[in-house]
Amino acid sequence: MHAQSACNSQSGAGNSTTFAFYTPGLGPVSKAPVVPFPSPSLSPLPVMSLQNLLSIKTALAPFVHSTFPGPPQVQFFPVPVRAPGTTNVPIALAPTASFQGIVQPGPVQIDPPSPDIAVGPSDVLMVVNSSIAQFTKAGVLEQNTQFQDFFSTLLPTICPDGASNCLIFDPSIRYDQLHGRFLFLATSRDTNTTSFLPSYLLLSVSNGATSNSGWKTWVMNVSLDGSTSTSNYGDFWRFGFDNTSVYLAGNMYQNGQFQYAKIRVVKKSDLYNLSAATLPYQDLFGLTNEDGSLADSITPAHQRGKPSAGNSPVLVSTNNVTPSPPPNYLTVWKIDPTTTPLGCTHSTVTVMPYDVPAPVPQLGTTTVLDGGDRRILKAVYRNGFLYTARDSGYQDAAITVTYDVIDTSNMSLVSQARILNSNSFYPVFDVPATTASGAPFASPITGTTSAPDGTQAYPSISFLKAGKAFYDYTGGESSATNKLFNRWGDYFGGAVDPITGGLWASGQYAETQVAGYGEWGTWAGYFPWLTTPAFTDVPSSNPFADYINVMSLWQITSGCTATTFCPTTTVNRSQFAAFLIRSMEGNSFTYTTTPYFTDVLASDPSFPYVQKLRDLGITSGCTATTFCPDDLVPRWAAATLLVRAKLKALFGDNFAYPATPSFEDVAPTSSAFPYIQKLFELGVTTGCTATEFCPDDPITRQQAAAFIVRAFLN
C-alpha cells in the first residue's frame with residue numbers, strides 16, 4: 001500500500017460541437033458497402049516496442065503447455081476463508097441462454113472482431129470491429145447495423161476521403177444501469193493520410209433504456225489535448241462511469257510510437273441532454289506512474305451497486321511500457337470531476353510480478369495466436385472495492401488471466417486470483433451483486449485453447465462455445481514475420497443483467513476456414529446468478545428469492561425476525577425509506593439532524609433514513625410537516641420514490657419516458673404516470689399482470705426487494 005499522491009500530468013479543457021442522431025430502423029435507405037478493413041499493420045498497437053513484446057513472448061514460450069494434469073482451476077491469493085457449505089462462485093457455471101452472435105461478414109474482414117456486449121432491460125447489444133447488433137434475450141437478432149450506416153451522417157467529418165478509407169474500430173459498449181442509457185464508444189481514423197490525423201472518438205448515448213429509443217453520437221477530436229492541436233492519434237480507448245460522469249481513457253501515438261496516455265471526462269448532465277449543442281470535456285494527459293514511467297492503457301471502472309456509496313471515479317492501469325523486469329504494481333487513479341482543472345491522485349498497489357502472456361497454441365497447426373499484452377481489460381467498482389481482469393504470463397502459468405480485488409479506502413490489495421491448468425486469455429468479466437463486498441472473485445469464462453478436461457482444444461470460449469478450426473488471418477502458416485503475432489483480437493465482453501442479475505458473456509471462436517483463411521464467429525450466453533438462502537420462510541422456489549437473498553447480502557434488510565423475512569407482509573413508509581437509503585448510501589451517510597417532520601423524531605430508528613430522503617429531495621412528506629411513517633406504500637408511490645431516488649440528482653423530475661401507456665390501469669392523466677412509465681422502461685417492474693400495474697395495491701416486502709435490487713444493486 002502506498003499513500004495517495006497528486007498525479008503528474010498536464011490538463012486542458014475543450015468541447016465538441018459536432019453530433020448526429022441515429023434512429024434504428026429509420027436509417028439510410030441504401031446500405032453502405034461492407035469494405036475491407038486496413039491491413040494488419042494498422043492493427044491496434046502495443047505500447048512497448050513490437051521487438052520487446054515479441055522478445056518477452058518468446059522467452060515465455062518454453063513454459064507453454066498443450067495439455068495439463070487436471071481440469072482448469074482458480075488459484076486465490078490469499079486462500080479465501082469460507083463458511084461451511086458456501087462458495088465463492090456468484091454465478092452458475094452452465095448457461096441458460098446460448099446463441100450465435102455477429103458472424104464474420106465474408107472473407108473481406110481482415111482484423112479479428114474484438115467483441116463486446118451490453119445488456120439492458122430488454123436488449124442484448126453486441127459490437128465487433130464492423131457493426132453493432134441488437135438481440136432479444138432469447139437470442140433473436142433484431143438488426144445488425146454496419147458502422148458505416150450507424151455513423152453515416154458523420155463520415156464526411158471523420159473520414160473526408162470516403163468510407164473505404166474510414167477505419168472505425170475498438171468498439172466498447174456498456175449499459176449505464178444507474179441512469180438507464182446505453183453508451184457506445186468507437187475510435188476512428190482516416191487511413192488515407194500517413195499521419196492518421198485527425199483522430200476521433202465517437203461517443204454514442206441512447207435516448208432511453210432501449211436501443212430503439214434512438215441514439216445521439218458526439219464526435220470528439222482525440223488529437224486535441226484540451227483544445228490544443230497535436231500530431232498524435234488515439235488507440236485502445238475504453239470508458240467507464242459513475243453517478244455523475246463518464247470517464248474515457250486511451251493511448252496516444254505518433255508515427256507508430258507510443259507518446260502518452262490520456263483521460264477525458266464528460267459530465268452526464270451534458271452527455272445525456274438530448275437538446276445540448278455543445279459537449280464540454282476536460283483532459284488529463286502525459287500521466288506517469290509513481291516510479292516515473294509513462295502511464296499507459298488506463299482503464300476506467302464501470303460503477304455497479306450503490307450509486308452514492310464510496311469514492312467511485314476510479315481508473316486503474318498496469319505498466320506495459322517497461323519491458324523488464326516484470327512489474328509488480330498496479331496504479332489506481334482517482335479523479336475529482338467537480339474541479340477545473342480536474343483533481344487527480346494516484347496510488348501504487350503492490351501485486352505479484354506479472355508479464356505478458358506467451359504465444360497461444362492451437363490444435364492442428366503450429367501457428368500460434370497472440371494473447372495480448374498485460375494491460376487491464378476491464379475494471380468494475382462496487383461499494384468501495386475495485387475489481388480487475390487482465391491477461392498475464394508467468395513461468396508456472398504462461399497464458400492465464402489474473403484478477404485483482406483492491407480496497408479503495410486504503411488502496412490495499414485484498415486478493416488476487418489466477419486460472420491454472422488452462423491456456424486462458426481475454427476474460428469475460430463483470431461483478432454481479434451476488435459477489436459479497438470485497439470477496440475474492442474470478443470469472444470462470446474466458447477465451448481458451450484448453451478444454452475443461454485439460455486437453456488442447458480449438459480457440460473458443462470456455463463453458464460456452466467450442467471452436468471449429470484453427471485461426472490464422474495472415475493467410476497461412478508460412479508467414480514468418482507474423483509467426484508470433486497472429487492477432488485474435490483485444491478483448492471479450494461481459495455484462496451483468498440489470499434485471500435478473502446474472503452474467504452475460506460474449507466472445508469469439510474459430511469458425512470453419514474458407515479457402516484456407518481463418519474465419520471467426522461470435523457467441524453470447526447467459527449465466528444466472530447464484531444466491532445463498534438467507535431466511536427460513538423464503539424457499540428457493542419463491543420467484544423473489546434471489547432478490548431477497550441479495551438484499552440480505554448487502555445488509556439492506558435483516559428480515560422481520562432474525563430468521564424470517566415475511567415476504568408477503570406490506571411495507572410502510574418508514575421501512576421503505578430505510579430500504580431506499582441503504583440501497584443508495586449504505587449505512588454510513590450524513591443527514592440533517594434537525595427534524596423535518598413532526599411525526600419522525602430524532603429518537604425514531606427510521607429518523608436518519610427519512611431525513612436523508614428529504615435531504616435528497618426524494619420526498620417532501622405526506623403533508624408540509626408530516627411524513628406519515630406508518631402509512632402503507634401503494635405501488636404508485638413506490639414507483640415515484642424509486643424513480644426519483646434513481647434519477648433526480650441528474651434529471652430532477654424532468655426525465656424522458658415512453659408516451660404510450662404500458663398498463664391499462666394507469667392513465668396518462670395520473671400524476672404517477674411518468675414514474676410508472678419510467679419504472680417499466682427501466683425494467684424495474686413488469687406490472688402485477690401482463691397488462692396492469694395495480695397502482696393502489698400496497699407494496700409487499702418481496703415486491704420491494706425486487707424493485708430495490710433491480711433499481712440499485714445490479
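These numbers come from a predicted model, not from an experiment.
The shortest non-hydrogen separation linking Leu682 to Lys646 is CD1-CD, 3.9 Å. What you find for Ala534 and Asn549 is that their closest heavy atoms are N-OD1, 3.1 Å. Of all non-hydrogen atoms in Ala433 and Leu553, the two that sit nearest each other are O-CD2, 3.4 Å.
Between the side chain of Gln677 and the main chain of Tyr657, no donor-acceptor pair closer than 3.5 Å is present. Looking only at distances, no side-chain donor or acceptor of Asn572 sits under 3.5 Å from a matching main-chain atom of Asp630. Remark: the backbone N or O of Val684 is paired with a side-chain donor or acceptor of Arg710 at under 3.5 angstrom. Although no hydrogens or angles enter the test, the distance criterion places no donor-acceptor pair under 3.5 Å between the side chain of Ser506 and the main chain of Ala524. Between the side chain of Ser213 and the backbone N or O of Ser206, no donor-acceptor pair lies under 3.5 Å. Side chain of Arg382 to backbone of Leu713: a donor-acceptor contact under 3.5 angstrom is found. No donor-acceptor pair closer than 3.5 Å links the side chain of Asp116 to the backbone N or O of Ser172. With hydrogens and angles ignored, the 3.5 Å screen pairs a side-chain donor or acceptor of Thr561 with a backbone N or O of Thr564. Side-chain atoms of Gln4 do not come within 3.5 Å of backbone N or O of Thr345 as any donor-acceptor pair. Within the 3.5 Å criterion, the main-chain N or O of Tyr609 finds no donor-acceptor partner in the side chain of Glu585.
In this structure, the side chains of Pro634 and Pro698 stay at 4.5 Å or more apart for every pair of heavy atoms. Side-chain contact between Tyr247 and Pro313: present, with at least one pair of heavy atoms (C-beta onward) separated by less than 4.5 Å. Under the 4.5 Å side-chain criterion, counting only non-hydrogen atoms from C-beta, Phe707 is in contact with Ile699. Inter-residue side-chain proximity for Ile581 and Val610 is flagged as unmet; no heavy-atom pair is nearer than 4.5 Å. Counting only heavy atoms from C-beta outward, the side chains of Arg635 and Asp696 never approach each other to under 4.5 Å. Side-chain contact between Tyr403 and Ser443: present, with at least one pair of heavy atoms (C-beta onward) separated by less than 4.5 Å. For the pair Thr331/Leu315, no side-chain contact is recorded, criterion being any heavy-atom separation below 4.5 Å from C-beta on. For the pair Val709/Met551, a side-chain contact is recorded, criterion being any heavy-atom separation below 4.5 Å from C-beta on.
Side-chain contact, Thr592 with Gln611: no donor N or O sits under 3.5 Å from an acceptor N or O. Checking Tyr175 against Arg181 by side-chain atom types alone, no donor-acceptor pair falls below 3.5 Å. Side-chain contact annotation: Thr210 with Asn212, donor-acceptor N/O pair under 3.5 Å absent. Donor-acceptor pairing under 3.5 Å is lacking for the side chains of His346 and Lys334. Checked by atom type, the side-chain pair Tyr272/Asp176 shows a donor-acceptor distance below 3.5 Å. Neither side chain, Asp407 nor Ser412, offers a donor N or O lying under 3.5 Å from an acceptor on the other. Side-chain contact, Asn383 with Ser437: a donor N or O sits under 3.5 Å from an acceptor N or O. A donor and an acceptor atom, one from each side chain of Tyr547 and Asn542, are nowhere located under 3.5 Å apart.
Looking at Lys137 and Asp123, no side-chain N of the basic residue comes within less than 4.0 Å of a carboxylate O on the acidic one, giving no salt bridge. For the pair Lys648 and Asp653, the salt-bridge criterion is met [side-chain N within less than 4.0 Å of a carboxylate O].
Taken from CG in Asp665 to CD1 in Ile676, the straight-line distance is 8.0 Å, to the nearest 0.5 Å. Between the CD atom of Gln703 and the CZ atom of Phe544 there is a distance of 5.5 Å, given to the nearest 0.5 Å. To the nearest 0.5 angstrom, Leu580 atom CG is 10.0 Å from Thr619 atom OG1. Once rounded to the nearest 0.5 Å, the distance linking SG of Cys7 with CD1 of Ile263 reads 7.0 Å. Here the straight-line distance linking atom OG of Ser269 with atom NE2 of His179 works out to 10.0 Å at 0.5 Å rounding. Summarising the geometry, atom CD1 belonging to Ile556 is positioned 11.5 Å from atom CE belonging to Met584; distances are rounded to the nearest 0.5 Å.
Under the side-chain contact (heavy atoms from CB on, under 4.5 Å) test applied with Pro280, the options Val266, Val265, Asp270 reduce to a single match, Asp270.
Applying the ring pair (Phe, Tyr, Trp, His ring centres under 6.0 Å) test to residues at least two apart or on different chains, the pairs with a partner in residues 563-587 are Phe535-Phe565.
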Exercise. Kindly determine whether Phe385 and Ile406 satisfy side chain to side chain contact (heavy atoms under 4.5 Å, CB included), including the steps that lead there.
Key: CA-CA 6 Å; Phe385 290 88; Ile406 297 168; over 6 Å; no

Practice problem: Go through the steps to decide whether Tyr381 and His302 satisfy the test ring-ring contact (aromatic ring centres under 6.0 Å, His included), and finish with yes or no. | Solution: CA-CA 6 Å; Tyr381 175 92; His302 177 148; over 10 Å; no

Practice problem: Check the pair Trp529 / Asp546 against side chain to side chain contact (heavy atoms under 4.5 Å, CB included), numbers first and verdict last. | Solution: CA-CA 8 Å; Trp529 57 3; Asp546 286 325; 3.2 Å; yes

Quiz prompt | CA sep, side-chain torsions, deciding dist, call: Arg304, Asp430, salt bridge (Lys or Arg N to Asp or Glu O under 4.0 Å) | solution = CA-CA 9 Å; Arg304 292 210 173 272; Asp430 210 324; 2.9 Å; yes

Quiz item: What's the verdict on side chain to side chain contact (heavy atoms under 4.5 Å, CB included) for Lys612 and Asp615, showing C-alpha distance, side-chain angles and the deciding distance?
Solution: CA-CA 5 Å; Lys612 189 65 175 181; Asp615 286 340; 4.3 Å; yes

Self-check item: Chi angles and distances behind the ring-ring contact (aromatic ring centres under 6.0 Å, His included) call for Phe693, Phe673
Solution: CA-CA 11 Å; Phe693 183 71; Phe673 179 77; over 10 Å; no

Exercise. Decide side-chain hydrogen bond (donor to acceptor under 3.5 Å, both in side chains) for Tyr596 and Thr625; before the verdict, give the C-alpha distance in whole Å, the side-chain angles of both, and the deciding distance to 0.1 Å.
Key: CA-CA 7 Å; Tyr596 287 117; Thr625 59; over 6 Å; no

Quiz item: Is there a side chain to side chain contact (heavy atoms under 4.5 Å, CB included) between Val316 and Leu386 once you walk through the steps?
Solution: CA-CA 9 Å; Val316 60; Leu386 180 64; 3.8 Å; yes

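Geometric assessment of Arg573 against the ring of Phe627 yields a positive cation-pi assignment under the 6.0 Å and 45° thresholds. In this structure, Arg174 is positioned above the aromatic face of Phe239, its NZ or CZ under 6.0 Å from the six-membered ring centre and within 45° of the axis. Both the sub-6.0 Å distance and the 45° axial angle are not jointly satisfied by Lys306 relative to the ring of Phe712. Cation-pi contact between Lys216 and Phe19: present, with separation from the ring centre below 6.0 Å and deviation from the ring axis of at most 45°.
Enclosure of atom CD in Gln555 is not indicated, since only 12 or fewer non-hydrogen atoms of other residues, nucleotides or ligands lie within 6.0 angstrom.
Below 30°, between 30° and 60°, or above 60°: for Phe663 and Phe680 the angle between ring planes is above 60°, a perpendicular geometry. Between Phe184 and Trp215, the ring planes lie perpendicular to each other; the angle is over 60°, past the 30° to 60° tilted range.
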